[in-house]
Amino acid sequence: RSKLIVLTEIVSLATAQRHNSALILLDHYLLRDIDFDRWSTEFPEAVFPCTDPLDIDADLVLTHSLPYRQTVKILEMARYQWVLKSEMSSLIHHRHIIRFTLCRLRRRSRAKQS
């Protein structure tokens with residue numbers, strides 16, 4: 001299954017919500033009005049790289065001093081991390097559906113036996 005990531009400039013929470021953002025590069029501008037906890041609550045599957053002078057619990061840190069190739073590798077790692085988070089969330093969702101279905105089947109089976 002292919003997962004395409006389209007680069008979009010995120011200037012607000014509303015913009016990120018409109019695009020269902022997967023990777024959100026946090027900087028001082030994005031954290032000025034909305035704190036990190038709110039970003040992570042709004043986008044539980046997203047991966048949050050940040051710029052280096054920020055004091056937040058970001059998933060990855062990008063510094064201005066990194067060479068281009070290392071920056072690309074870090075962003076690639078962020079993409080892999082998002083794919084894993086996304087797939088894990090999907091598996092958990094499917095597990096809940098299976099459990100719900102099994103419970104319904106058990107109840108029906110018991111009702112037929114009575």
Side-chain angles (χ1 to χ4, degrees):
R1 183 173 61 159
S2 175
K3 301 222 180 214
L4 177 67
I5 295 179
V6 178
L7 298 177
T8 305
E9 182 179 11
I10 300 298
V11 294
S12 68
L13 183 64
T15 306
Q17 289 168 329
R18 196 168 37 252
H19 292 285
N20 192 21
S21 299
L23 264 67
I24 303 172
L25 177 59
L26 295 174
D27 59 9
H28 290 286
Y29 179 80
L30 289 176
L31 292 170
R32 183 178 56 199
D33 297 325
I34 302 165
D35 65 2
F36 178 68
D37 290 336
R38 172 105 187 268
W39 281 103
S40 56
T41 300
E42 290 287 331
F43 301 96
E45 290 182 12
V47 175
F48 296 98
C50 74
T51 55
D52 57 335
L54 299 176
D55 187 26
I56 61 172
D57 188 25
D59 296 310
L60 298 163
V61 177
L62 298 173
T63 64
H64 297 290
S65 61
L66 279 178
Y68 174 79
R69 288 184 62 179
Q70 277 70 32
T71 301
V72 170
K73 287 179 182 180
I74 287 175
L75 290 174
E76 185 69 13
M77 287 172 36
R79 186 180 70 82
Y80 287 133
Q81 186 176 1
W82 173 77
V83 168
L84 288 173
K85 274 184 166 182
S86 177
E87 289 178 357
M88 182 62 89
S89 178
S90 179
L91 288 172
I92 289 169
H93 175 73
H94 284 86
R95 185 179 71 188
H96 288 302
I97 290 172
I98 289 169
R99 283 185 176 173
F100 176 75
T101 304
L102 286 173
C103 286
R104 286 179 65 194
L105 289 172
R106 275 192 219 124
R107 277 187 255 134
R108 286 182 184 170
S109 175
R110 287 182 193 144
K112 285 182 181 179
Q113 291 174 356
S114 300

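Just so it is clear, the values below take in all heavy atoms, side chains as well, and ignore hydrogens, waters and symmetry mates.
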In terms of heavy-atom contacts, D59 and A46 come closest through OD2-O, 4.0 Å
Heavy-atom closest pair (S12 atom, L30 atom, distance to 0.1 Å) is N-CD2, 3.9 Å
Going by chain and number, the hydrophobic cluster around I92 (ILVMFWY, side chain to side chain under 4.5 Å) further includes M88
Excluding I97, membership of its hydrophobic cluster (Ile, Leu, Val, Met, Phe, Trp, Tyr; side-chain heavy atoms within less than 4.5 Å) reads none
Under 3.5 Å donor-acceptor, K85 side chain and V47 backbone: no
- Query: Judged by atom type as modelled, is there a donor-acceptor pair below 3.5 Å linking the side chain of D37 to the main-chain atoms of S40?
  - Reply: no
T51 vs L62, side chain to side chain contact (heavy atoms under 4.5 Å, CB included): CA-CA, chis, key distance, verdict: CA-CA 5 Å; T51 55; L62 298 173; 5.8 Å; no
Any heavy-atom pair between the side chains of L26 and P49 that's under 4.5 Å? no
Any chance you could lay out the side chain to side chain contact (heavy atoms under 4.5 Å, CB included) test for C50 and D27, step after step, and finish with the verdict?
CA-CA 6 Å; C50 74; D27 59 9; over 6 Å; no
For [X], give me all partners under side-chain contact (heavy atoms from CB on, under 4.5 Å), at least two apart in sequence or on another chain.
X	result
H94	S90
R38	L13, I34, D35, E42
A16	I10, S21, I24, W39, F43

Indicate every side-chain donor-acceptor pair of residues 66-73 with a distance under 3.5 Å to a residue at least two apart or in another chain.
from : atom 1 : to  : atom 2 : distance (Å)
T71  : OG1    : P67 : O      : 3.2

### Task
Check the pair E9 / V11 against side chain to side chain contact (heavy atoms under 4.5 Å, CB included), numbers first and verdict last.
CA-CA 6 Å; E9 182 179 11; V11 294; 3.8 Å; yes
By side chain to side chain donor-acceptor pair (under 3.5 Å), T8 pairs with (sequence neighbours left out) none
Side chain to side chain donor-acceptor pair (under 3.5 Å) filter on T101, not counting sequence neighbours, yields none
Here the ring pair (Phe, Tyr, Trp, His ring centres under 6.0 Å) pairs for residues 9-37, sequence neighbours left out, are F36-F48
V61 reachable from L54 in the ILVMFWY side-chain graph, under 4.5 Å edges
no
Sorted by chain and number, sequence neighbours left out, salt bridge (Lys or Arg N to Asp or Glu O under 4.0 Å) with E76 holds for R79
E45 meets the salt bridge (Lys or Arg N to Asp or Glu O under 4.0 Å) criterion, sequence neighbours left out, with none
Donor-acceptor pairs under 3.5 angstrom involving side-chain atoms of residues 102-110: please list them, not counting sequence neighbours.
none

